[in-house]
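So the structure is just underneath, and the comments pick up after that.
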Amino acid sequence: MATQTDAGDQKLHAVPSAEDEAGQAYFDKIIAEDSRIEPADWMPEKYRKTLTRQMSQHAHSEIIGMQPEANWITRAPSLKRKAILMAKVQDEAGHGLYLYSATETLGTPRHVLNEQLMSGKAKYSSIFNYPANSWADMGAIGWLVDGAAIANQVPLCRASYGPYGRAMVRICKEESFHQRQGFEILLELANGTPAQKQMAQDAVNRFYAPALMMFGPTDTDSPNSQQSMAWNIKRFSNDELRSRFVGMIQEQVKVLGLTLPDDQIRYNEETGLWEHGELNWDEFYEVLAGRGPCNAQRMERRREAHENGAWVREAAAAYAAKKAQKAQVA
Ligand code: BYC
C-alpha cells in the first residue's frame, strides 16, 4: 500500500498501489472460485491477521490441551491404556507443531506466537481450563472434546488458506482415533460396576456444556464469523456446528447407555437444527478472561515447560550453527 504525501511530507491517506489492486483482484477471484490462497500470494492484511489469530490460537490449544490428559498418564489403569494415552498426548504436540509451522507461513515467527501465549495476549480453547478429575474424564475428553474438535475442524480442511487446510486433513484423521479411544473408555466403564458407570456419567455431566462452548459464542455474539465465512476460512457458523455436534452425540450416548445432562435437546423440523438447553455464557466469558477453574495452573505449567526446555532450544541452535559452518567450509 503506497502512502500519498503532500509537500510537507505529511501522510494524507493510503492509496492502493497497482500491485495491491492486482493482488486484491486475484485474491477476490480465488475466493469466488473457492480455490486456495498460498503463502506467497497477495492477501489483504486483515485476512492475514485473522488467520494468524485463529491458527495460532488453535496451535496454543493443542499444546495447552496436552496438560489435562498428560496428568493421567502415570495413573492409567493398564499398560495398554497408558500406551494409548501417551500416543494421543504426543499427537496433540504434533498438531501444535504443524499448526505453528502453518501459522509461520503468514509471517509471524514462532517465538512471537509463543510470547503471545505466555503473556496471556493470545487465547486458547476454553475447554482446557476445566480439571480432569477421574479416569473417566479421559473418556469424556476423547469422546466429547475431540468429538467437538472434529465437528469444528472437518470443515476447516476446506479453509481457503492452503497450509491451514492441509494441516487440518492430517489432524482430523488423528482426532478420529482420539474420539474413538475416548468413546471406548466410556463404553467399558458404562458396562462395568455401578460405581464405574457412575464415574462415566459424572464425567459426561461435567464435560457436556464446556464441550458445547468450544464452538464459540452464539452467532449473534460472534464478531469474527461473518467475515471468516465470507473469506471461506469458516464454512459454517458457530451455532450450526454446535447444533450438528449435539445431533451426533445424542445418538452416540444411547450406545453408551448414559445420558446427556440436557433435557431440552430436540430436532427442530422447521430450521433443520438440533436445539439444546441454554449454556452459561457468563461462565464462558469468565474462562476467557482467565478466571476459569484451571487457567492459572495451565499457564504456570506452560511457562515452566518452556523454561525447562531452554537447553533443548540452545542445543538445537548450536547444532544448526555448526551444520551451517560446515556447509560453508565445504
Ligand atoms: N475458547 O468471533 P468468534 C483440540 C474467542 S484443540 C477460547 O466466534 P472465531 C484438542 C475467539 O478466539 C482444538 N476462545 O471467533 C487438543 C474470539 O476472540 P479473539 C481447538 C474462544 O475465531 C488437546 C472471540 O472469542 N480448536 O482439539 O470466528 C486435547 C469471539 O469468537 C472460544 C480450535 O482452535 C473458545 N471456545 O471462532 C484434546 C478450532 N470460542 O481471538 C483436543 C479453530 C471463541 O478475537 N478455531 N473464542 O480475541 C475456530 O474454529 C474458531 O477460532 C472458533 C471461534 C470457532 C473457536
Side-chain angles (χ1 to χ4, degrees), residues 46 49-72 85 87-96 98-99 102-103 116-117 120-130 132 137-159 161 164-165 167-168 171-172 174-179 181-182 207 209-231 233-242 245 279 281 283-290 292 295 298:
K46 279 190 178 162
K49 239 178 128 173
T50 294
L51 276 168
T52 305
R53 175 186 65 78
Q54 176 168 329
M55 290 164 64
S56 62
Q57 293 188 162
H58 194 163
H60 301 328
S61 305
E62 301 281 359
I63 298 299
I64 298 278
M66 294 166 73
Q67 294 186 31
E69 288 168 291
N71 280 340
W72 279 89
L85 190 60
K88 179 187 189 290
V89 173
Q90 283 176 350
D91 281 353
E92 309 298 357
H95 298 174
Y98 319 146
L99 285 164
T103 312
Q116 290 170 350
L117 171 65
K121 196 175 148 214
K123 296 186 172 78
Y124 58 87
S125 183
S126 49
I127 190 73
F128 303 115
N129 293 306
Y130 291 86
D137 288 12
M138 298 304 97
I141 291 175
W143 178 48
L144 293 173
V145 175
D146 288 271
I150 296 171
N152 168 267
Q153 288 168 196
V154 166
L156 289 174
C157 295
R158 293 191 290 123
Y161 188 56
Y164 194 26
M168 283 323 325
I171 291 176
C172 284
E174 291 174 352
E175 299 290 22
S176 303
F177 148 66
H178 298 169
Q179 190 198 21
Q181 66 86 40
F207 276 92
L212 259 55
M213 291 186 206
M214 283 175 74
F215 294 92
T218 60
D219 292 351
T220 42
D221 289 325
S222 164
N224 302 301
S225 279
Q226 224 176 356
Q227 181 61 77
S228 290
M229 286 168 75
W231 277 330
I233 297 172
K234 286 167 83 160
R235 297 288 175 156
F236 300 97
S237 74
N238 297 355
D239 285 336
E240 281 169 335
L241 291 174
R242 192 172 8 251
F245 177 63
L279 294 167
W281 292 110
E283 177 183 309
F284 174 76
Y285 288 112
E286 277 294 291
V287 172
L288 258 58
N295 295 59
R298 301 292 185 236

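When a ligand or atom number is given, it counts from 1 through the structure's own listing order.
Near Tyr124, meaning under 4.0 Å from any of its heavy atoms, are these atoms of ligand 1: 1 (N), 7 (C). Short contacts between ligand 1 and Lys88, defined as distances under 4.0 Å to a heavy atom of the residue, involve ligand atoms 29 (C), 38 (C). Applying the 4.0 Å criterion to heavy atoms of Gly216 picks out, from ligand 1, the atoms 40 (N), 44 (C). Listed by number with element, the atoms of ligand 1 under 4.0 Å from a non-hydrogen atom of Phe215 are 55 (C). Residue Phe128 has at least one heavy-atom neighbour below 4.0 Å for each of these atoms of ligand 1: 4 (C), 6 (S), 10 (C), 16 (C), 23 (C), 29 (C), 38 (C), 42 (C). Distances below 4.0 Å separate heavy atoms of Gly65 from the following atoms of ligand 1: 23 (C), 29 (C). Short contacts between ligand 1 and Ala149, defined as distances under 4.0 Å to a heavy atom of the residue, involve ligand atoms 27 (O). Counting the atoms of ligand 1 from 1 in the order shown, those under 4.0 Å from a heavy atom of Asn238 are 8 (O), 55 (C).
Protein heavy atom at the shortest distance from atom 32 (C) of ligand 1 is Phe284 CZ, 3.6 Å. Nearest protein heavy-atom neighbour of atom 43 (C) of ligand 1: His58 ND1, 3.4 Å. Among all non-hydrogen protein atoms, the one lying nearest atom 13 (C) of ligand 1 is Gln153 OE1, 3.4 Å. Scanning the protein for heavy atoms near atom 25 (O) of ligand 1, the closest one is Leu288 CD2, 3.8 Å. In this structure, atom 3 (P) of ligand 1 lies nearest to the protein heavy atom Ser222 OG, 3.4 Å. If you check which protein heavy atom lies closest to atom 45 (O) of ligand 1, you get Asn224 ND2, 3.4 Å. For atom 39 (C) of ligand 1, the nearest non-hydrogen atom of the protein is Asn152 OD1, 3.0 Å. What sits closest to atom 11 (C) of ligand 1 on the protein, heavy atoms only, is Arg53 NH1, 4.0 Å.
Between Phe245 and Phe215, the distance from one ring center to the other falls under 6.0 angstrom.
Polar contact check, Lys234 against ligand 1: a nitrogen or oxygen pair lies under 3.5 Å apart. Geometrically, ligand 1 and Pro223 share a nitrogen or oxygen pair separated by less than 3.5 Å. Taking any N or O of Asp146, backbone or side chain, none lies under 3.5 Å from an N or O belonging to ligand 1. The shortest N or O to N or O distance between Glu69 and ligand 1 is not below 3.5 Å. Polar contact with ligand 1: absent for Glu62 (N/O pair, distance under 3.5 Å). Considering backbone and side-chain atoms alike, Gln57 places an N or O below 3.5 Å from some N or O of ligand 1. At a 3.5 angstrom cut-off on N or O pairs, Met213 counts as close to ligand 1.
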Does the pair Trp143 and Gln179 meet the rule for a side-chain contact (heavy atoms from CB on, under 4.5 Å), with working shown?
CA-CA 5 Å; Trp143 178 48; Gln179 190 198 21; 3.9 Å; yes
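For the atom pair OG1 of Thr218 and CE of Met213, the computed distance is 11.5 Å after rounding to the nearest 0.5 Å. In this structure, Glu62 CD and Glu92 CD are separated by 5.0 Å, a value rounded to the nearest 0.5 Å. Atom CG of Leu156 and atom OH of Tyr161 lie 15.0 Å apart (nearest 0.5 Å). The CG atom of Asn295 sits 9.0 Å away from the OH atom of Tyr130 when rounded to the nearest 0.5 Å.
In the model, Tyr124 has no side-chain atom that pairs as donor or acceptor with a side-chain atom of His58 under 3.5 Å. With no hydrogens or angles considered, a side-chain donor-acceptor pair links His178 and Glu175 at under 3.5 Å.
Contact of the Phe207 side chain with the Asp137 side chain is registered, since non-hydrogen atoms from C-beta on lie closer than 4.5 Å. Side-chain contact between Thr50 and Gln227: absent, with no pair of heavy atoms (C-beta onward) separated by less than 4.5 Å. Counting only heavy atoms from C-beta outward, the side chains of Lys234 and Ser225 approach each other to under 4.5 Å.
Around atom 31 (O) of ligand 1, the closest heavy atom drawn from Pro217, Ser126, Ser228 belongs to Pro217. Here atom 51 (C) of ligand 1 lies nearest to Gln54 when heavy atoms of Gln54, Glu175, Gln179 are compared. The closest non-hydrogen atom to atom 18 (O) of ligand 1, taken over Arg242, Lys123, His178, comes from Lys123.
Below 30°, between 30° and 60°, or above 60°: for Trp281 and Phe284 the angle between ring planes is above 60°, a perpendicular geometry.
Distance alone, capped at 3.5 Å, is enough to place a donor-acceptor pair between the Asp219 side chain and the Asn238 backbone. In this structure a side-chain-to-backbone donor-acceptor pair under 3.5 Å is present from Arg298 to Phe128. Panel note: side chain Gln57, backbone Lys123; a donor-acceptor pair is recorded below 3.5 Å.
Using a 4.0 Å heavy-atom cutoff, Tyr164 is listed among the residues neighbouring ligand 1.
Evaluated for a side-chain contact (heavy atoms from CB on, under 4.5 Å) with Ser237, the options Met229, Arg242, Gln226 yield exactly one hit, Met229.
For atom 55 (C) of ligand 1, a protein heavy-atom neighbour is present inside the 4.0 Å cut-off.
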